[in-house]
Amino acid sequence: MEWWKTATIYQIYPRSFQDSNGDGIGDLNGIKSRLYYLKDLGVDCLWLSPFYKSPMKDFGYDVADYCSVDPMFGSLKDFDGLLGEAHKLGLKLVVDLVPNHTSDQHQWFKESRSSRDNPKRDWYVWRDPKPDGSPPNNWMAYFGGPSWTLDAKTGQYYLHQFLPEQPDLNWRNPEVREAIYEAMRFWLRKGVDGFRIDVIWLLVEDGKFRDEPPNPNWKEGEVDRFRHLHPYQEDQPETREIVQEMRAVLEEFEGNRVMVGEIYLPYDQLMPYYGTLERPGCHLPFNFHLMFRGMSNWTAENLRGIVEEYETNLPAFATPNWVLGNHDQHRLATRIGEAQARVAATLLFTLRGSPTWYYGDEIGMTDGPIPPEKVQDPAALRQKGSAGEHGLDPGRDPERTPMQWTPHAYAGFSTREPWLPVNPNYLERNVEAQDANSESMLTLVRTLLVVRKESKALLEGDYQTYKAPDGVFAYLRGGEVLVALNFSPEAKAMNLPQGEILLSSFLDRYGAVKDRLELRPNEAVILQL
Ligand code: NOJ
């Protein structure tokens with residue numbers, strides 16, 4: 001079976017994982033120095049958020065040169081060193097690709113904006129103003145304000161679905177496609193195991209640039225982007241073809257390189273991103289439904305519904321995948337609480353397919369408090385109701401605070417004050433402390449990954465819902481491993497034939513059970529039947 005079909009993917013936000021040169025910002029050599037930790041944790045594949053040359057307006061998601069390393073993170077040589085070491089340890093390494101937009105400091109955009117007849121003019125999306133000088137249509141950007149910015153010199157607006165400093169590439173232009181495919185080949189030739197592709201469902205926009213209709217559910221205070229529904233800025237049919245073209249670039253290379261797509265869509269719109277058997281698309285179009293519908297109503301009944309719906313809708317050839325956190329969403333332990341975070345980890349690592357884990361969640365890191373004057377996230381600084389206006393909402397910074405390694409200065413992340421404050425709970429909550437504790441969250445994640453790896457049923461078996469009392473979600477994998485998750489703060493009991501406990505999320509009981517399983521409040525159990 002191809003490695004990515006069961007691989008556990010671990011997301012590293014390079015700025016925040018480990019600093020090796022004392023500038024307060026994480027870097028590639030820092031990551032390299034922690035590879036043994038990751039190997040020991042039991043994950044299979046690392047995904048690195050962008051480390052390319054960038055003015056860092058959106059912390060690397062504004063790329064100024066696709067085939068480079070920003071000096072802040074190291075050099076290409078450092079990257080080769082990291083990749084080589086990771087491979088030696090049997091870890092795969094996936095890098096981020098940001099094809100929807102570049103930085104406004106990218107050479108391509110500098111040329112494009114230099115004049116209307118520059119050969120690269122059409123590499124970006126330029127439109128004339130309306131007769132009154134206003135933007136070409138009503139499209140709004142994710143980080144606030146219109147999706148259009150006027151370039152005074154050439155008298156046209158350019159499109160940007162995020163910051164004005166992140167102009168959208170024109171994916172209808174074949175030269176743009178080829179240029180990005182060449183950048184992909186650059187990293188594939190180096191030996192990377194694939195890409196996580198940023199906002200892949202946003203690559204193409206409506207060719208007629210029609211106004212978007214109002215969103216009847218938009219509420220005062222919500223971000224501007226959500227004022228409208230997005231039939232014209234998102235998920236266009238052409239995008240799905242491009243995804244298949246990108247996949248073909250990966251297929252030029254040996255070694256089962258993987259394509260993971262960032263896609264925030266309902267299941268009916270998500271599934272086409274797998275492509276077809278003949279013309280495949282993403283290997284793993286990210287399934288974010290646990291983070292949204294799941295965490296907004298964290299109950300056994302809701303979760304069971306989400307899993308069943310996904311299982312039913314997946315194309316026969318498709319590999320499922322599940323995600324509990326990333327650098328854009330508040331921390332797992334903050335959203336559902338520490339007790340349920342253990343249940344969530346058991347769920348993630350026992351569902352079918354490839355799970356993705358966010359750095360630090362294995363020690364139950366919580367959202368870090370960010371004082372208003374320390375807010376860095378451009379999304380927060382620009383949007384209404386944000387730190388910029390009220391000094392309240394720190395946007396995505398809380399989930400990006402430095403990894404907590406030790407109870408010593410700056411949590412062992414750096415020798416200098418880090419770019420974002422370390423969460424003060426690092427004194428008790430850190431890798432060193434949890435390493436020594438046989439019942440910690442860290443030990444739970446390690447143990448889960450061992451149990452998972454040792455069970456063919458968990459890795460490859462089918463999924464079947466199992467009858468359980470209210471408040472409990474249970475399922476069978478491969479007909480022989482039963483997972484029972486107690487979402488409630490009350491004890492629950494369920495009937496079952498005889499079984500052997502492989503793991504309790506409290507890490508304090510093993511052994512045989514017969515006829516009846518008593519679940520303690522917030523307990524998750526894996527049983528071999
Ligand atoms: C999605 C990324 O996950 C997010 O961090 C970034 O700000 C936007 N894409 C823009 O690239």
Side-chain angles (χ1 to χ4, degrees), residues 9-17 26 47-66 70 94-106 109 124-125 139-145 147 149 159-169 171 180 183 195-205 223-226 230 233-235 239 259-265 273 282 284-288 291-292 323-331 356-359 375-383 386 393-401 419-420:
I9 302 172
Y10 184 96
Q11 182 190 356
I12 292 178
Y13 195 65
R15 292 181 77 83
S16 301
F17 197 61
W47 146 36
L48 308 186
S49 283
F51 49 79
Y52 315 110
K53 219 168 253 168
S54 163
M56 302 292 162
K57 296 287 181 202
D58 188 20
F59 297 115
Y61 282 96
D62 48 326
V63 179
D65 178 352
Y66 287 99
D70 195 282
V94 160
V95 296
D96 222 296
L97 178 77
V98 191
N100 178 66
H101 45 270
T102 67
S103 157
D104 63 345
Q105 297 307 305
H106 196 294
F109 188 68
Y124 293 82
V125 184
W139 297 356
M140 303 298 269
Y142 269 101
F143 296 161
S147 291
T149 289
L159 180 76
H160 54 85
Q161 298 194 65
F162 294 90
L163 296 173
E165 293 89 350
Q166 292 171 294
D168 266 49
L169 282 163
W171 272 84
I180 294 289
F195 300 99
R196 171 270 189 189
I197 303 186
D198 194 63
V199 296
I200 199 168
W201 87 109
L202 302 185
L203 290 180
V204 179
E205 299 77 36
V223 296
D224 289 339
R225 174 81 170 194
F226 301 143
H230 308 300
Q233 265 190 110
E234 305 192 354
D235 189 31
T239 306
M259 183 165 150
V260 183
E262 186 198 26
I263 306 164
Y264 286 91
L265 284 176
Y273 283 83
C282 294
L284 304 171
F286 264 146
N287 166 15
F288 291 131
M291 290 194 308
F292 290 90
V323 186
L324 285 176
N326 65 32
H327 63 296
D328 297 326
Q329 313 300 334
H330 290 316
R331 286 268 179 193
T356 297
W357 189 256
Y358 185 51
Y359 85 91
V375 171
Q376 307 275 337
D377 179 12
L381 293 169
R382 273 179 69 86
Q383 273 163 174
S386 72
D393 178 2
R396 301 171 295 178
D397 291 342
E399 59 264 27
R400 297 175 175 181
T401 59
W419 75 286
L420 275 178

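Note: hydrogens, waters and symmetry copies are ignored here, and every other heavy atom, side chains too, is used. In each ligand, atom 1 is the first atom listed, and ligand 1 is the first ligand listed. Fair warning: this is a prediction, and the values are worked out from it, not measured in the lab.
In terms of protein heavy atoms, atom 6 (C) of ligand 1 is closest to D58 OD2, 3.3 Å. Considering only non-hydrogen protein atoms, atom 8 (C) of ligand 1 sits nearest to F162 CE2, 3.8 Å. The shortest contact between atom 9 (N) of ligand 1 and any protein heavy atom is with D198 OD1, 2.9 Å.
Under the 3.5 Å distance criterion, with hydrogens and angles disregarded, no donor-acceptor pair is assigned to the side chains of S103 and Q166. Side-chain contact, Y61 with S49: a donor N or O sits under 3.5 Å from an acceptor N or O. A side-chain donor from one of H327 and Q11 sits under 3.5 Å from a side-chain acceptor of the other.
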Residues Y124, F109; criterion ring-ring contact (aromatic ring centres under 6.0 Å, His included); working and verdict: CA-CA 7 Å; Y124 293 82; F109 188 68; 4.9 Å; yes

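In summary, the atoms of ligand 1 found under 4.0 Å from a heavy atom of F143, numbered by their order in the structure, are 7 (O). For ligand 1, the atoms closer than 4.0 angstrom to any heavy atom of D328 are 1 (C), 2 (C), 3 (O), 4 (C), 5 (O). Each of the atoms 1 (C), 9 (N) of ligand 1 lies under 4.0 Å from some heavy atom of V199. Taking a cut-off of under 4.0 Å to the non-hydrogen atoms of H101, the atoms of ligand 1 that pass are 10 (C), 11 (O).
Using cut-offs of 30° and 60° on the angle between ring planes, the pair F17 and Y359 is perpendicular. Ring orientation note: the planes of W419 and F59 are tilted relative to one another, at an angle of 30° to 60°.
Heavy atoms of R400 found under 4.0 angstrom from ligand 1 belong exclusively to the side chain. Contacts with ligand 1 closer than 4.0 Å are made by side-chain heavy atoms of R196 only, the backbone lying farther away.
For the pair E262 and F288, the minimum side-chain heavy-atom distance is below 4.5 Å.
Ligand 1 has R396 within reach: a non-hydrogen atom of the residue lies less than 4.0 Å from it.
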